[in-house]
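All values derive from a computational prediction rather than experimental measurement. First the proteins, then the strands, lettered A, B, ... as listed; each starts at 1.
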There are 2 protein chains.
Amino acid sequence: METIKKWRKAQHMNIKKTDPVEATLELIGGKWKPLIIWHLTDKTMRFSELKKSLPKITQKMLTQQLREMEYHGLIHRKVYAQVPPKVEYSLTELGESLVPFLEIMCQWGTKYLKNVKNKAED
Amino acid sequence: METIKKWRKAQHMNIKKTDPVEATLELIGGKWKPLIIWHLTDKTMRFSELKKSLPKITQKMLTQQLREMEYHGLIHRKVYAQVPPKVEYSLTELGESLVPFLEIMCQWGTKYLKNVKNKAED
DNA sequence: TGGTATAGTACCTATTAGGAAACCATTGAT
DNA sequence: ATCAATGGTTTCCTAATAGGTACTATACCA
């Protein structure tokens with residue numbers, strides 16, 4: 001676990017104010033991960049369902065992001081031994097713990113979009 | 001305003017569940033913006049102070065990120081007409097409204113780092 | 001026999017981030 | 001008069017990351 005190694009190093013240094021934020025960003029930073037978590041909230045989804053929900057992501061990116069999130073323990077990947085293949089993704093407990101965070105993000109974004117809309121109508 | 005144009009377009013479409021999250025990510029997505037906001041919480045900082053607080057950022061990136069955030073109305077940039085130059089950055093009201101969000105991020109990250117640390121000690 | 005469906009890979013290009021150094025205007029020291 | 005220092009920004013080049021398109025494996029179905 002890369003992250004654990006980094007922490008082991010960090011233990012011997014001063015922990016800065018920014019470290020927790022940086023740690024969080026390492027797990028869910030980037031364009032796609034928050035959206036993936038948001039879609040997996042309260043439901044399990046197959047690869048193709050996620051792809052449909054995020055039309056602008058490429059398959060490569062989706063695979064890559066899912067793998068990283070699995071590696072970091074945010075999501076669970078369940079492969080069904082059948083043809084055509086079936087793979088289901090769901091949030092782990094750690095992943096679920098990020099949902100409140102996503103909710104705030106969504107609330108903030110909703111308000112922001114309303115503001116922008118009002119200004120556009122002036 | 002690029003964002004406004006996008007919204008004007010979006011008004012005529014169905015607004016999807018993910019839109020507010022995407023909108024938020026457009027403003028504070030990326031590696032540096034959350035950290036910059038976090039540092040500007042409750043205080044005004046000069047360019048060079050920010051640079052010192054974020055040793056890993058390059059000057060170019062810092063300038064770029066600050067400009068984008070100013071453009072999106074998250075921060076205020078005050079230039080003092082003096083030599084050597086002095087530029088102070090502070091959060092706008094909109095920027096301040098993101099602070100609770102950063103606080104949650106920091107709390108989550110703190111907990112996460114503790115967990116990782118405990119596992120590392122096993 | 002050929003087509004479909006699913007979850008990917010492989011390969012190549014485009015975009016973005018990062019690093020080093022130059023720039024600019026002005027002050028103060030030599 | 002010249003020259004270094006200052007602080008924010010810019011330029012140029014390279015490295016890293018994202019994106020697009022095509023391809024694979026395998027069983028089932030027509």
Side-chain angles (χ1 to χ4, degrees), chain A residues 2-3 6 18 21-22 24-37 39-40 43-72 74-91, chain B residues 2-3 6 18 21-22 24-37 39-40 43-72 74-91:
Chain A
E2 189 186 31
T3 321
K6 278 190 187 167
T18 48
V21 175
E22 281 183 62
T24 309
L25 285 173
E26 226 178 275
L27 295 204
I28 57 154
K31 194 171 166 180
W32 301 113
K33 285 172 188 168
L35 293 173
I36 292 171
I37 295 172
H39 277 294
L40 289 178
K43 63 173 178 289
T44 291
M45 288 180 91
R46 298 181 60 172
F47 183 89
S48 52
E49 291 175 310
L50 278 169
K51 179 71 191 69
K52 263 175 230 152
S53 304
L54 298 163
K56 281 179 271 180
I57 201 175
T58 60
Q59 291 191 313
K60 194 191 98 178
M61 273 295 112
L62 183 52
T63 302
Q64 201 176 96
Q65 302 301 304
L66 288 169
R67 287 290 148 77
E68 286 177 21
M69 291 167 78
E70 188 194 2
Y71 176 82
H72 285 124
L74 297 175
I75 61 173
H76 180 244
R77 180 168 180 270
K78 185 170 182 188
V79 183
Y80 292 83
Q82 62 183 50
V83 169
K86 176 176 171 181
V87 183
E88 280 185 348
Y89 293 93
S90 56
L91 293 182
Chain B
E2 190 184 34
T3 320
K6 277 189 188 167
T18 46
V21 176
E22 281 183 63
T24 308
L25 286 173
E26 226 178 274
L27 296 203
I28 57 155
K31 193 171 168 181
W32 300 113
K33 285 172 187 169
L35 293 172
I36 293 171
I37 295 173
H39 277 293
L40 289 178
K43 64 173 179 287
T44 290
M45 289 180 90
R46 297 183 60 173
F47 184 90
S48 51
E49 291 175 311
L50 278 169
K51 180 73 191 70
K52 261 175 230 151
S53 305
L54 297 164
K56 279 178 272 178
I57 201 174
T58 60
Q59 293 190 313
K60 191 191 92 175
M61 273 294 112
L62 184 51
T63 303
Q64 199 176 98
Q65 302 300 305
L66 288 169
R67 286 288 149 81
E68 286 177 20
M69 292 167 78
E70 188 194 4
Y71 176 81
H72 286 123
L74 296 175
I75 62 173
H76 180 243
R77 181 167 181 271
K78 185 170 180 186
V79 184
Y80 291 83
Q82 63 182 49
V83 169
K86 176 176 173 182
V87 184
E88 280 185 350
Y89 293 93
S90 55
L91 294 182

Do [X] and [Y] have side chains that approach each other closer than 4.5 Å (heavy atoms only, starting at C-beta)?
X: Q59(A); Y: F47(A); value: yes
X: H76(A); Y: T44(A); value: no
X: L25(B); Y: L35(A); value: yes
X: L40(A); Y: L50(A); value: yes
X: M61(A); Y: K31(A); value: no
X: W32(A); Y: K56(A); value: yes
X: L62(B); Y: I36(B); value: yes
X: H72(A); Y: I28(A); value: no

task = Could you tell me whether Y80(A) contacts a base, only the sugar-phosphate backbone, or nothing, with contacts defined as non-hydrogen atoms closer than 4.0 Å?
result = nothing
inquiry  = With heavy atoms of chain B within less than 4.0 Å as the criterion, where does contact along DNA chain C begin and end?
reply    = dA17(C) to dT26(C)
query = Can you find a side chain N or O atom of R77(B) that sits less than 4.0 Å from OP1 or OP2 on dG8(D)?
reply = no
request  = At under 4.0 Å between heavy atoms, which parts of nucleotides 11-30 of chain D does protein reach? Answer with one letter per nucleotide, 5' to 3': B base, S sugar-phosphate only, - none.
outcome  = BB-----SBB-----BS---
